[in-house]
Amino acid sequence: VHARVGMGDLVIRVPQGVTVDADARSGAGQVELFGRQSDGLDVTRTTARDIGTGDGTLHLDADVGLGRVVVVRDPAPMAAVPKLGWDATL
């Protein structure tokens with residue numbers, strides 16, 4: 001799956017049980033993959049494999065020019081999903 005946003009927040013909720021190979025980038029901002037976070041300029045974060053309990057692998061490529069990339073497992077408790085300012089309901 002390829003997901004891109006020029007400016008703003010890109011929140012991706014991954015189903016439980018699916019193994020994930022993820023690459024996430026932000027030109028200026030923050031990247032959070034399954035609770036591991038980096039921020040600054042030209043931020044790249046990769047998870048070689050976040051193991052799920054079921055079959056199949058989701059290959060995720062997420063990119064934001066200016067803003068945040070957040071990848072969490074669904075259903076994530078709302079406390080685990082960062083507040084996004086304009087809409088915290090997700």
Side-chain angles (χ1 to χ4, degrees):
V1 174
H2 298 282
R4 305 263 187 274
V5 172
M7 183 169 57
D9 295 314
L10 174 59
V11 178
I12 300 168
R13 298 179 87 169
V14 178
Q16 292 289 336
V18 175
T19 297
V20 179
D21 285 327
D23 291 309
R25 288 171 298 287
S26 177
Q30 183 181 63
V31 173
E32 182 178 337
L33 294 178
F34 305 109
R36 295 177 299 266
Q37 174 179 308
S38 299
D39 56 23
L41 297 175
D42 197 23
V43 180
T44 301
R45 190 151 192 83
T46 301
T47 179
R49 191 160 284 237
D50 189 73
I51 304 297
T53 57
D55 292 333
T57 299
L58 174 66
H59 300 281
L60 178 62
D61 181 24
D63 184 48
V64 172
L66 174 63
R68 292 190 284 184
V69 176
V70 179
V71 181
V72 295
R73 289 263 178 210
D74 189 31
M78 290 310 291
V81 178
K83 299 268 189 270
L84 300 179
W86 59 272
D87 184 4
T89 60
L90 291 180

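Excluded from the calculations below are hydrogen atoms, water molecules and symmetry mates; all remaining heavy atoms, backbone and side chain alike, are included.
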field: V14: side-chain contact (heavy atoms from CB on, under 4.5 Å) partners, not counting sequence neighbours
entry: I12, V20, F34, L58, V71, R73
field: Minimum side-chain heavy-atom gap R68-E32 below 4.5 Å
entry: no
task: Look at R25 together with D42 and state whether they make a salt bridge at an N to O cut-off of under 4.0 Å.
output: no
- prompt: What distance separates D61 CG from D23 CG, expressed to the nearest 0.5 Å?
  reply: 6.0 Å
CE-CG distance between M7 and L66, expressed to the nearest 0.5 angstrom: 6.5 Å
Single-linkage hydrophobic cluster V69~V1, side-chain heavy atoms < 4.5 angstrom: yes
query: Heavy-atom distance under 4.5 Å between the side chains of D21 and T57, does that happen here?
result: yes
message: Closer than 3.5 angstrom, by distance alone: can the side chain of R45 be matched with the main-chain N or O of S38 as a donor-acceptor pair?
response: no
task: Over all heavy atoms of both residues, which pair between A62 and L10 is shortest? Give the atoms and the distance, please.
output: CB-CD2, 3.9 Å
message: Restricting to non-hydrogen atoms, name the atom on A24 and the atom on L33 that form the minimum distance, rounded to 0.1 Å.
response: CB-CD2, 3.9 Å
- prompt: What are the two closest non-hydrogen atoms of V64 and G8, and how far apart are they?
  reply: CG1-O, 3.6 Å
message: Can you tell me how far apart OG (S26) and CG (L41) are? Round to the nearest 0.5 Å.
response: 9.0 Å
